[in-house]
2 protein chains.
Amino acid sequence: MDQNSLPPIQTTARDDAVLKALVGFVRAEALQPGERLPTERILAERLKVSRNTVREALTRWEGLGLVERRQGSGTYLKAAVSHDMLHMPLTLAGGNDFTSLMQTMEIRRALEAEAAALCAERASQADIAEIARKLDIMEQAFRTRDGMSSEEDWEFHQAIYRASGNPLFEQIIAAMYELFHRFWEHPLGVRDFGHASFPYHRTIYEYIAARDPQGARAEALKLIATVEDDLKRGAAKLKLSSHT
Amino acid sequence: MDQNSLPPIQTTARDDAVLKALVGFVRAEALQPGERLPTERILAERLKVSRNTVREALTRWEGLGLVERRQGSGTYLKAAVSHDMLHMPLTLAGGNDFTSLMQTMEIRRALEAEAAALCAERASQADIAEIARKLDIMEQAFRTRDGMSSEEDWEFHQAIYRASGNPLFEQIIAAMYELFHRFWEHPLGVRDFGHASFPYHRTIYEYIAARDPQGARAEALKLIATVEDDLKRGAAKLKLSSHT
DNA sequence: GTGGTCCAATGGTCCAACCAATTTCTGCAC
DNA sequence: GTGCAGAAATTGGTTGGACCATTGGACCAC
């Protein structure tokens, strides 16, 4: 039913038509985020267009954060898609200096607090169990690797965003997370980064499990505050060392 | 952090490299928005990459609204580019259904609360005076036009975002505001929309003037809550009327 | 099991054309 | 010279085919 709904549109806007057809396919197959969609070669054959056209279309979606491509593996859905989506690409100038990093942290503080509160209101028992699982993994990684647990830390937060029932939280924060990483790829010696925020992960979880939105919001604010403090200390140290 | 101690090796990042080179070109030539940049064929030749790769890179920029392509004419710069830009593509599922509207409102709730709190911390006396001025204008418009003060209302909020010292708040919320308007231009019979939120504008201002971040945050949350309630009532009414 | 090697699948890149829209130039009529 | 229609060049859009790099599973020796 999916491929047959491909009309003989032959004019321009080929790749746009490809995306429309893909939306139909995702809907028909009820694909969930994380699942793999057909290979580029299959799509090209089924839609009767060149593989390059398929690639251009997928490049658009990739740029919008809707899919993720993994060479040798496939193309995976990253978010829910529908026929009436609104794309709002925000491009903000300046990104590598400390000021803009702090500005993004303030945005994250706002979203993190609200996501935690919504999560406390709405999370299902399964959601809470999943968060608890991520928390355990993170705490174990923290102990065995002496504080190096950023990957597990991130997954814990993602679980909260997902349980908030609002996919926008994960989308927005994920975009900022990328910037965050870009900034921190330069070594700069804040080795104990994240140590201070560690205990708040469990307290946030406890407030969520206790269905206390206000408490969860307050704990999330405290957590981000510790991260911001770490960043400020790191920046100060960096400035100091660069003076020598 | 942990990943940074590992080799973030990346053998293939061609199109990304193309974009970097393009940023350098735009900088070197001091290209302004509206000007045309080199042909795809020329770029491919100069950068020693395939034209396909150039196209993928340009497709990315086009998706981000940085560039506009006109077949037969050329590719034109649409916005200023710099080497450190933060791309935050947001895609909001559906604009016409109630669910996605509520999701954007939750994002706004998060940002509004944080902006109010930051504003209470940082606003200068001039900022506060400006907010007070917008508040007066809004209240007067509200009284003389019997609640139709959405434009003045919006300007009041914008003044707060600006005084927060973080331009991201205004940019993000402004983008959402545009979507909001585009899809809700149909009045949908919530005529007294915004009535309930009216008194909170002054209380928010008072907390800001009193330098009370917590209070300002709480009042902002209340304000958005009333707006959400209005929306829910409106949606319920709409659903009811569509049943007849 | 463990650790390799091999191999098929898949995204990434390249090439050399051709198509379609646009712009520019040419040449003729006046 | 002017004006304008049509040809020609330019430029983004599409095609098909080829090869490379990475991934992940199958298979095998130990």
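Atoms considered below: every heavy atom in the structure, side chains included; atoms not considered: hydrogens, waters and symmetry mates. So that the names make sense, note that chain A is the first sequence line, chain B the second, and so on, each numbered from 1.
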If you compare every side-chain N and O of T75(B) against the phosphate oxygens of dG12(D) (OP1, OP2), does one of them come in below 4.0 Å?
yes
Between the opening five pairs and the closing five pairs of the helix from dG1(C)-dC30(D) to dC30(C)-dG1(D), how far apart are the helix axes, to 10°?
10°
Take the protein atom CZ of R41(B) and the nucleotide atom C1' of dT22(C), then report the distance between them rounded to whole Å.
13 Å
Looking at V23(A) and S82(A), what are the two nearest heavy atoms and their distance?
CG1-C, 3.7 Å
In terms of side-chain heavy atoms, does S50(B) have a donor or acceptor partner in R55(B) at a distance below 3.5 Å?
no
Are the side chains of E228(A) and M102(A) in touch, meaning some heavy atoms are under 4.5 Å apart?
yes
Would you please confirm or rule out a distance under 4.0 Å between OP1 or OP2 of dG12(C) and any side-chain N or O of R69(A)?
yes
Between N166(A) (side chain) and Q103(B) (backbone), is there a donor-acceptor pair under 3.5 Å?
yes
Spell out, as yes or no, whether a donor-acceptor pair under 3.5 Å connects the side chain of H201(A) to the backbone of F198(A).
yes
Do any side-chain atoms of residues 116-127 of chain A form donor-acceptor pairs under 3.5 angstrom with protein atoms, and if so which ones, sequence neighbours left out?
residue: R122(A); atom: NH1; partner: S164(A); partner atom: O; Å: 3.0
residue: R122(A); atom: NH1; partner: E106(B); partner atom: OE2; Å: 3.2
residue: R122(A); atom: NH2; partner: E106(B); partner atom: OE2; Å: 2.3
residue: S124(A); atom: OG; partner: A126(A); partner atom: N; Å: 3.4
residue: S124(A); atom: OG; partner: D127(A); partner atom: N; Å: 3.1
residue: S124(A); atom: OG; partner: D127(A); partner atom: OD2; Å: 3.1
residue: D127(A); atom: OD2; partner: S124(A); partner atom: N; Å: 3.1

E68(B) atom CD is separated from dG13(D) atom C1', nearest whole Å, by 15 Å
What's the CG-C1' distance between L43(B) and dC14(C), to the nearest Å?
16 Å
So, with a heavy-atom separation below 4.0 Å from DNA chain D, the residues of residues 47-62 of chain B are R51(B), R55(B)
Any side-chain heavy-atom pair of V67(A) and Y76(A) under 4.5 Å
no
Between P on dA9(C) and CD on E45(A), what's the gap in Å once rounded to a whole number?
14 Å
D16(B) backbone acceptor or donor facing R60(B) side chain under 3.5 Å
no
Any residue meeting side chain to side chain donor-acceptor pair (under 3.5 Å) with Y161(A), in chain and number order, not counting sequence neighbours
E112(A)
L77(A) and V81(A): which non-hydrogen atoms are nearest, and at how many Å?
CD1-CG1, 4.4 Å
Expressed as a whole number of angstroms, how long is the span from Q71(B):CD to dA9(D):P?
19 Å
NA contact type, R70(B), heavy-atom cut-off 4.0 Å: base, sugar-phosphate, or nothing?
sugar-phosphate
Return the residues of residues 30-40 of chain A meeting this criterion: a heavy atom under 4.0 Å from some atom of DNA chain D. Order them by number, or give none.
none
Can you name the residues that form a side chain to side chain donor-acceptor pair (under 3.5 Å) with R217(A), not counting sequence neighbours?
E114(A)
